[in-house]
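Here the structure is a predicted model, which means the values were calculated and not measured.
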Amino acid sequence: MRLSKKTPKELTDGVLWNVDCKDYVFNEKNGLMLFRRYVEPRLSAKSQTLSKDLERAIASKNRVQKVNGLRRGKINSSSLWKVAVPAINDDRVFFKKHDHKAVNAAVQLVIDLSGSMGGSRIEIAVAAAYVLSDALDRIKIPNIITGFTTAGCMGVSSSRSASRIEPLFMPTLKNWNEKANSSTCMARLGLCTNSIPLANNADGESILALAHHHNGRTEDKQIMLVLSDGAPCAAGRGFSGHLVDVVDFITNKTAIDILAVGIQSSAPAHYYKHHTEVDSVDDLPKTVISAIRNLLLTGKAGF
């Protein structure tokens, strides 16, 4: 998790990008210390049941199998002859249908790393992402944890009319092939709580870019969960409207189902069609799981 060392760097006339690279250096020892201090106290015993809850919410009916030769169930008329023949006298003439479910999904957990998420909100968001990712790992559902904010600033002349003048920073905190409970992933998550700068947020551009992590995935269900406290805020203009447009595009033009999880805030409801809210990790089973189920089954995740 490192930016280029070549800073400050001239981009164009009148533009200077300044960023302190030492703030973005990955230090596993420090990250694990922060994880234990700020994330572990937020974890809940309730999270142990999340794996099965997620499996039930995301599972797809794969096939229906008819099981014959039972003593209870529905009568299989083609087997009644067994009862009529004295030499056989077999009462196993019933059948039942069994739904076999298969989980075939890929999930991206996106953490808003904006300044307004500082304090308890970033701790809750990171803890929620960790708990959900660990639960998905347990039932072998591919998942990735990413984040978004901006890095540094650009000094721009007043005559310049750029819609965004801050570079985006979108770290991958856990990749598809990694485990959430590995020391490396826990360290990266820990650094988000009290190390890397929580700066401005251009949500629309960031989420659109992060959606590319789903490119090439072959799972039937593609899900993005955005853990955020609300509105875009960055140096520039047009961010709120662009976020609405991006969410509409992802919802209607891609195979990705996107759900916003408001972290101690209902503000995401203004930008996301599907949304819910949590105040702590304890809320995950009764809110996020229900929202995912409603999103996938009925297309209505809001409460």
Side-chain angles (χ1 to χ4, degrees), residues 42-44 46-62 99-112 124-147 173-174 176 180 203 207 210-211 213-214 217-230 246-303:
R42 299 274 181 183
L43 304 182
S44 166
K46 293 181 180 179
S47 64
Q48 299 300 317
T49 65
L50 275 179
S51 294
K52 286 299 180 184
D53 292 338
L54 278 166
E55 189 171 24
R56 294 188 194 101
I58 298 175
S60 302
K61 287 186 179 180
N62 192 32
D99 292 334
H100 289 262
K101 296 186 177 182
V103 177
N104 189 21
V107 180
Q108 180 174 185
L109 302 158
V110 183
I111 303 175
D112 176 0
I124 292 170
V126 168
Y130 172 78
V131 165
L132 289 167
S133 178
D134 185 54
L136 291 166
D137 286 343
R138 292 175 189 273
I139 53 176
K140 299 184 178 357
I141 295 181
N143 65 92
I144 184 173
I145 305 177
T146 58
L173 304 168
K174 172 198 173 294
W176 296 107
D203 298 49
I207 290 167
L210 291 170
H213 282 293
H214 290 270
R217 303 298 312 182
T218 58
E219 292 82 4
D220 294 338
K221 296 174 182 176
Q222 305 291 325
I223 303 170
M224 284 185 75
L225 299 183
V226 182
L227 308 170
S228 173
D229 68 342
V246 166
V247 173
D248 181 71
F249 173 79
I250 291 175
T251 300
N252 297 306
K253 301 296 183 181
T254 77
I256 300 171
D257 290 301
I258 186 167
L259 168 68
V261 180
I263 306 298
Q264 296 183 331
S265 171
S266 61
H270 299 297
Y271 306 96
Y272 296 83
K273 179 180 179 181
H274 304 300
H275 54 85
T276 187
E277 182 180 345
V278 298
D279 290 318
S280 72
V281 176
D282 288 341
D283 294 335
L284 293 177
K286 67 183 179 182
T287 57
V288 175
I289 302 300
S290 297
I292 292 173
R293 184 182 296 113
N294 291 338
L295 170 65
L296 296 178
L297 296 182
T298 68
K300 297 177 181 179
F303 292 94

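Two residues are said to be in side-chain contact when any heavy atoms from C-beta on lie closer than 4.5 Å; Ile263 and Val278 meet this criterion. Between Ile141 and Leu54 the shortest side-chain heavy-atom distance does not fall below 4.5 Å. When side chains are defined from C-beta on, Leu284 does not count as touching Ile289, because their heavy atoms never get closer than 4.5 Å.
Of the N and O atoms on the side chains of Ser265 and Asp229, not one donor lies less than 3.5 Å from an acceptor on the other residue. Counting only N and O atoms by type, the side chains of Gln222 and His214 include a donor and acceptor under 3.5 Å apart.
Here the closest heavy-atom approach between residue Arg217 and residue Ala106 is recorded as NE-CB, 4.0 Å. Nearest heavy atoms, Ala125 versus Leu227: O-CD1, 3.5 Å. Contact record, Ser51 with Arg138: OG-CD, 3.3 Å, taken as the closest heavy-atom pair. Taking every heavy atom of both residues into account, Ala57 and Ile292 meet most closely at CB-CG2, 4.3 Å. Across every non-hydrogen atom of Gly262 and Pro268, the tightest pair is CA-CG, 3.8 Å. For the pair Val247 and Lys273, the tightest heavy-atom approach, listed with the atom from each and the gap, is CG1-N, 4.2 Å.
The CD atom of Gln264 sits 3.5 Å away from the CD1 atom of Ile124 when rounded to the nearest 0.5 Å. One distance of note links CG of Leu225 with CG of Asp257; it measures 10.0 Å at 0.5 Å rounding. Here the OH atom belonging to Tyr272 is positioned 3.0 Å from the CD1 atom belonging to Ile207, to the nearest 0.5 angstrom. Note that the CD1 atom of Ile223 and the CD atom of Gln108 stand 11.5 Å from one another [nearest 0.5 Å]. To the nearest 0.5 angstrom, Ile258 atom CD1 is 4.5 Å from Ile250 atom CD1. Put simply, CG on Asn104 and OG1 on Thr218 are 7.0 Å apart, with the number rounded to the nearest 0.5 Å.
For the side chain to side chain contact (heavy atoms under 4.5 Å, CB included) with Lys174, the lone residue among Asp137, Thr146, Ile144 that qualifies is Asp137.
With hydrogens and angles ignored, the 3.5 Å screen pairs a side-chain donor or acceptor of Asp283 with a backbone N or O of Ser280. Side-chain atoms of Glu55 never come within 3.5 Å of backbone atoms of Ile139 as a donor-acceptor pair (strictly under, hydrogens ignored). Using modelled atom types, no side-chain atom of Asp134 and backbone atom of Tyr130 make a donor-acceptor pair closer than 3.5 Å.
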**Request:** Report the C-alpha distance between Ile58 and Leu136 in whole Å, list the side-chain angles of each, state the deciding distance to 0.1 Å, and finish with yes or no for side-chain contact (heavy atoms from CB on, under 4.5 Å).
**Result:** CA-CA 10 Å; Ile58 298 175; Leu136 291 166; 4.2 Å; yes
